[in-house]
Amino acid sequence: MAQFGFIGMGNMGYAMLNGVLGEFAPGQIIFTTPHKEKCEKISAQTGVKYAESNAECANNAKYIILAVKPQMYDAVLKNIENVITSEKVIISIAPGITIDSIKGKLGGSVRVVRAMPNTPALVGEGMTGISYNKEEFTIEERDTIEQFFQSFGEVVTVPEHLMSAVVCASGSSPAYAYMFIEALADSVVKYGIPRQDAYKLAAQTLLGSAKMVLQTGEHPGKLKDNVCSPAGTTIQGVAALEEYGFRNAVIKATDKCYEACTKIK
């Protein structure tokens with residue numbers, strides 16, 4: 001029996017699978033996806049075996065990662081309900097779908113970890129928020145859950161009622177970061193910097209700035225102030241961002257994201 005079984009191989013499932021392979025052997029993993037050609041391609045790339053069905057995948061793994069879209073959950077849970085025992089662990093990554101909802105469909109004895117990873121898991125820099133009832137799990141199982149998510153990045157444990165906020169903070173926000181990189185690159189391509197150089201300048205700056213926040217422990221506002229010399233170039237740019245509603249746009253994006261999360265059933 002495999003340790004981990006992935007049901008679904010979309011962008012997020014594939015990102016996690018590749019991250020997990022940095023920590024666990026291919027023989028400890030199994031996966032399935034509806035498209036046979038995709039199964040064969042991923043298996044050839046990774047050395048991970050695939051299952052012919054959702055039920056086969058779930059039956060042959062202890063930790064079952066549901067890496068499918070929320071609208072597919074009912075069908076997938078129906079597929080696997082007959083092979084789920086109290087020894088198995090369901091890891092759900094769907095926004096808006098609660099632990100109780102999954103328990104209600106698979107039976108109250110099933111153990112569920114609700115998680116929200118993000119696509120930088122593909123390069124080992126994922127950020128995942130998780131929620132689960134630790135009393136339902138052994139110490140060894142808790143360690144395995146932590147190891148699983150840490151294999152492709154960082155992890156924080158939060159109460160379940162905050163999981164929709166985690167979606168806003170890290171699940172959806174890589175898209176905003178890519179938009180910022182693209183926009184910043186466009187802004188300097190306008191002045192003559194070659195596009196690939198512009199992407200590198202913008203992306204590395206974002207990466208370095210993020211590391212400054214994480215490694216120094218300084219408040220982001222203080223780090224921003226450190227770049228802003230009096231009457232200098234940076235404060236002029238910051239003033240323009242404020243004038244055109246940069247912060248407000250981010251907050252409004254979060255509001256829309258949170259609203260969408262809470263509508264999912």
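Because the structure is predicted, anything quoted here is derived from the model rather than measured. Worth knowing before you read on, the calculation uses all heavy atoms, side chains too, and leaves out hydrogens, waters and symmetry mates.
At most 12 heavy atoms of other shown residues, nucleotides or ligands fall within 6.0 angstrom of atom CD1 in I139. When the shell of 6.0 Å around CD of E37 is examined, it contains 12 or fewer heavy atoms from other residues, nucleotides or ligands. Atom NZ of K38 has more than 12 heavy atoms from other residues, nucleotides or ligands within 6.0 Å. Atom CD of E154 has 12 or fewer neighbouring heavy atoms from other residues, nucleotides or ligands inside a 6.0 Å radius. By the neighbour-count criterion of 12 heavy atoms within 6.0 Å, atom NZ of K62 is densely surrounded, having more than that number from other residues, nucleotides or ligands. Other residues, nucleotides and ligands contribute over 12 non-hydrogen atoms within 6.0 Å of the CG atom of N226.
Within the 4.5 Å cutoff, no side-chain heavy atoms of D143 are placed close to those of Q147. You'll find the side chain of F6 stays beyond 4.5 Å of the side chain of V48, heavy atoms only. Residues R195 and D186 are in side-chain contact: their nearest non-hydrogen atoms beyond the backbone lie under 4.5 Å apart. Within the 4.5 Å cutoff, the side chain of V167 has heavy atoms near those of the C257 side chain. In this structure, the side chains of F4 and I65 come closer than 4.5 Å at one or more pairs of heavy atoms. The shortest distance between side-chain heavy atoms of I93 and M16 falls below 4.5 Å. Using a 4.5 Å heavy-atom threshold, the side chains of I7 and V68 count as touching. For the pair P26/L21, a side-chain contact is recorded, criterion being any heavy-atom separation below 4.5 Å from C-beta on.
Tracing side-chain contacts under 4.5 Å through hydrophobic residues (I, L, V, M, F, W, Y), one reaches F24 starting from Y50; they form part of the same cluster. Put simply, I84 and M72 are part of the same group of oily side chains (I, L, V, M, F, W, Y) that touch within less than 4.5 Å, one to the next. With hydrophobic clusters built from ILVMFWY side chains whose heavy atoms lie under 4.5 angstrom apart, I130 shares a cluster with V89. Tracing side-chain contacts under 4.5 Å through hydrophobic residues (I, L, V, M, F, W, Y), one reaches V20 starting from F31; they form part of the same cluster. Under the 4.5 Å side-chain heavy-atom criterion for grouping Ile, Leu, Val, Met, Phe, Trp and Tyr, L206 is connected to L241 within one hydrophobic cluster.
Considering V112, V76, I91 in turn, V76 is the only one that fulfils the side chain to side chain contact (heavy atoms under 4.5 Å, CB included) rule with L66.
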* Checking side chain to side chain contact (heavy atoms under 4.5 Å, CB included) for the pair H219/K224: CA distance, chi angles, key distance, verdict? -> CA-CA 9 Å; H219 190 285; K224 179 263 295 177; over 6 Å; no
Practice problem: Please lay out, stage by stage, how E56 and N59 fare under the test side chain to side chain contact (heavy atoms under 4.5 Å, CB included). | Solution: CA-CA 5 Å; E56 181 186 344; N59 194 43; 5.7 Å; no
Item to complete: Check step by step if side-chain hydrogen bond (donor to acceptor under 3.5 Å, both in side chains) holds for E140 and T138.
Response: CA-CA 5 Å; E140 182 181 0; T138 66; 5.1 Å; no
Go through it in stages, so that I can follow the logic: the residues are T233 and Q236, the test is side chain to side chain contact (heavy atoms under 4.5 Å, CB included), and I'd like the CA-CA distance, side-chain angles, deciding distance and then a yes or no.
CA-CA 5 Å; T233 57; Q236 297 301 322; 5.8 Å; no
Q: Determine, step by step, whether Y73 and S101 satisfy the side-chain hydrogen bond (donor to acceptor under 3.5 Å, both in side chains) criterion, reporting the C-alpha distance in whole Å, the side-chain angles of both residues, the deciding distance to 0.1 Å, and the verdict.
A: CA-CA 10 Å; Y73 260 56; S101 172; over 6 Å; no
>> Between V213 and E218, does the side chain to side chain contact (heavy atoms under 4.5 Å, CB included) criterion hold? Intermediate values first, please.
In response: CA-CA 6 Å; V213 172; E218 294 279 11; over 6 Å; no
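In this structure, R111 is not positioned above the aromatic face of Y132 in the sense of NZ or CZ being under 6.0 Å from the six-membered ring centre and within 45° of the axis.
Rounding to the nearest 0.5 Å places CD1 of I42 at 10.0 Å from OG1 of T32. With rounding to the nearest 0.5 Å, the separation of CD1 in I97 from CE in M163 is 12.0 Å. To the nearest 0.5 Å, atom CZ of residue F137 and atom CD1 of residue I145 are 4.5 Å apart. Note that CG of L77 and CG of N54 are 10.0 Å apart. Values are rounded to the nearest 0.5 Å. Rounding to the nearest 0.5 angstrom, the gap separating the CG atom in L17 from the CG atom in L122 is 10.0 Å. In this structure, S109 OG and E136 CD are separated by 9.5 Å, a value rounded to the nearest 0.5 Å.
The residues E146 and R142 are annotated as not salt-bridged, no charged nitrogen and carboxylate oxygen being separated by less than 4.0 angstrom.
With K103 contributing its side chain and V110 its backbone, the two residues share a donor-acceptor pair below 3.5 Å. Judged by distance alone, the side chain of S187 and the main-chain N or O of L184 form a donor-acceptor pair under 3.5 Å. Proximity of a side-chain donor or acceptor of K105 to a complementary backbone N or O of D74 within less than 3.5 Å is not detected. Under the 3.5 Å distance criterion, the side-chain polar atoms of S43 are left unmatched by any main-chain donor or acceptor of C39. With hydrogens and angles ignored, the 3.5 Å screen pairs a side-chain donor or acceptor of N118 with a backbone N or O of M127. Proximity of a side-chain donor or acceptor of S172 to a complementary backbone N or O of C168 within less than 3.5 Å is not detected.
Taking each heavy atom of A253 and Y176 in turn, the nearest pair found is O-OH, 3.9 Å. Residues P117 and F152 approach most closely at CB-CE1, 4.3 Å, considering heavy atoms. Closest approach of I80 to A58, counting heavy atoms only: CG2-CB, 3.8 Å. Contact record, A202 with A185: CB-N, 4.5 Å, taken as the closest heavy-atom pair. The two atoms that bring A55 and V83 nearest to each other are O-CG2, 3.8 Å, heavy atoms only. Smallest separation of non-hydrogen atoms from I99 and R114: CG1-CB, 3.8 Å.
Centroid-to-centroid, the aromatic rings of Y63 and F148 stay 6.0 Å apart or farther.
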